[in-house]
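Below is one structure, written out as structure tokens; comments come after it.
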Amino acid sequence: MSAQELFQGLREAVVRGDVEQAVSLATQVVTEGIDALAAYEQGLRQGISEVGEGFAREELFLPDLIMAADAMKAASAVLEQEIRRGGGRLADRGKVVLGTVSGDLHDIGKTIVATLFSSHGFEVIDLGVDVAADEFVRTVKEEQPQILGMSSLLTVTAKQLGSVIEALEEAGLRDNVKVIVGGGAVTEGLARAIGADGYGENAELGVRTAKSLLGIDH
Ligand code: B1M
């Protein structure tokens, strides 16, 4: 199977919510030495986006979303090992605290962002999902990361991003850390409006933005 056929197969497996097929194709990507990040973006991510669109059009329902997410997570776990593999050899680039904001339980995108940061040599503290502003602030105070990364997929929770930045300001910590935001509910304009330092349209661009803010070229 060519790389494109594998990507297409991954996309379809996510749409069908076929965990077994998704894992089998992801394993094939790894064993055949195909670019795992490309398989993630052009295969899995395309599939889950299609499912999201079907859900928005009310052609698909919550159980479809859950099955697709299960297939995506299972196959991602296989690809993530490969994406992370290069990272061990890199110099220590600094510390990143990551999480999905309060009220939001979506973790697939945030997890790939965590994987990519670690593959680029960063130490990652992943706080998970539904992270309250005071937990972000407490962790920034205790861990003193160079980067705070936040994800938001729901329009109703996007305002939390700005609340965390305000809470950092109130705690006198805002100048100690660069804040990067991303996720389906976030745009570059929103990032600018709430005073974030950077925005990642996808995981790769998020990490690239973080590195450029820290003055790391590549
Ligand atoms: Co929900 N969901 N969901 N969902 N879900 C969306 C987000 C939605 C757009 C679907 C739709 O209507 N089209 C919609 C939100 C509408 C809105 O607010 N605008 C929605 C809804 C409504 C809901 C519920 C309310 C449904 C309900 O219960 N009636 C509910 C909310 C639960 C909650 O959070 N409180 C809900 C639940 C779920 C599931 C649990 C079933 C499941 C999540 C499983 C999980 O994450 N463990 C789920 C899923 C799978 C989706 C869709 C289909 C896919 C999300 C995803 O994983 N995308 C989604 C539709 C869509 O996004 N098209 C949808 C793939 C992932 C790789 O992309 O997370 O965007 P993403 O991450 C990207 C970039 O954005 C970027 O990099 C990643 C990789 O390139 N990025 C960053 C992300 N974070 C970043 C941080 C950075 C930088 C880049 O720097 C720090």
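Read the numbers this way: they start at 1 and go in the same order the structure lists the ligands and their atoms.
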Is the closest side-chain donor-acceptor distance between Q46 and E50 under 3.5 Å?
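Note: Q46 and E50 side chains miss the donor-acceptor criterion.
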
Does the side chain of T157 come under 3.5 Å of the side chain of S152 through a donor N or O and an acceptor N or O?
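Side-chain D/A pair, T157 to S152: present.
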
Under 4.0 Å, heavy atoms only, figure out whether ligand 1 is touched by the backbone of [X], its side chain, both or neither.
{"X": "V113", "result": "side chain"}
{"X": "F117", "result": "neither"}
{"X": "E41", "result": "side chain"}

Tell me how many protein N, O or S atoms are closer than 2.8 Å to atom 1 (Co) of ligand 1.
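Atoms of protein N, O or S type lying less than 2.8 Å from atom 1 (Co) of ligand 1 total 1.
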
Checking the side chain of S163 only, and the main-chain atoms of K159 only, is there a donor and an acceptor separated by less than 3.5 Å?
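Indeed, once roles are kept as given, a pair shorter than 3.5 Å links the two residues.
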
At less than 4.0 angstrom from any non-hydrogen atom of N202, what atoms of ligand 1 do you find?
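Here the atoms of ligand 1 in question are 76 (C), 77 (O), 80 (O), 89 (C).
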
For atom 83 (C) of ligand 1, the option (of S49, A210, P63, G183) bearing the nearest heavy atom
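Heavy atom nearest to atom 83 (C) of ligand 1 belongs to G183.
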
So between G109, A158, G182, whose heavy atom ends up nearest atom 66 (C) of ligand 1?
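When every heavy atom of G109, A158, G182 is considered, G109 comes closest to atom 66 (C) of ligand 1.
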
So is D107 in contact with ligand 1, going by heavy-atom distances below 4.0 Å?
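Yes, that is the case, since the closest heavy atom of the residue is under 4.0 Å from the ligand.
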
Partners passing ring-ring contact (aromatic ring centres under 6.0 Å, His included) against F117 (at least two apart in sequence or in another chain)
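Testing F117 for ring-ring contact (aromatic ring centres under 6.0 Å, His included), a comparison that skips the adjacent residues, returns F122.
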
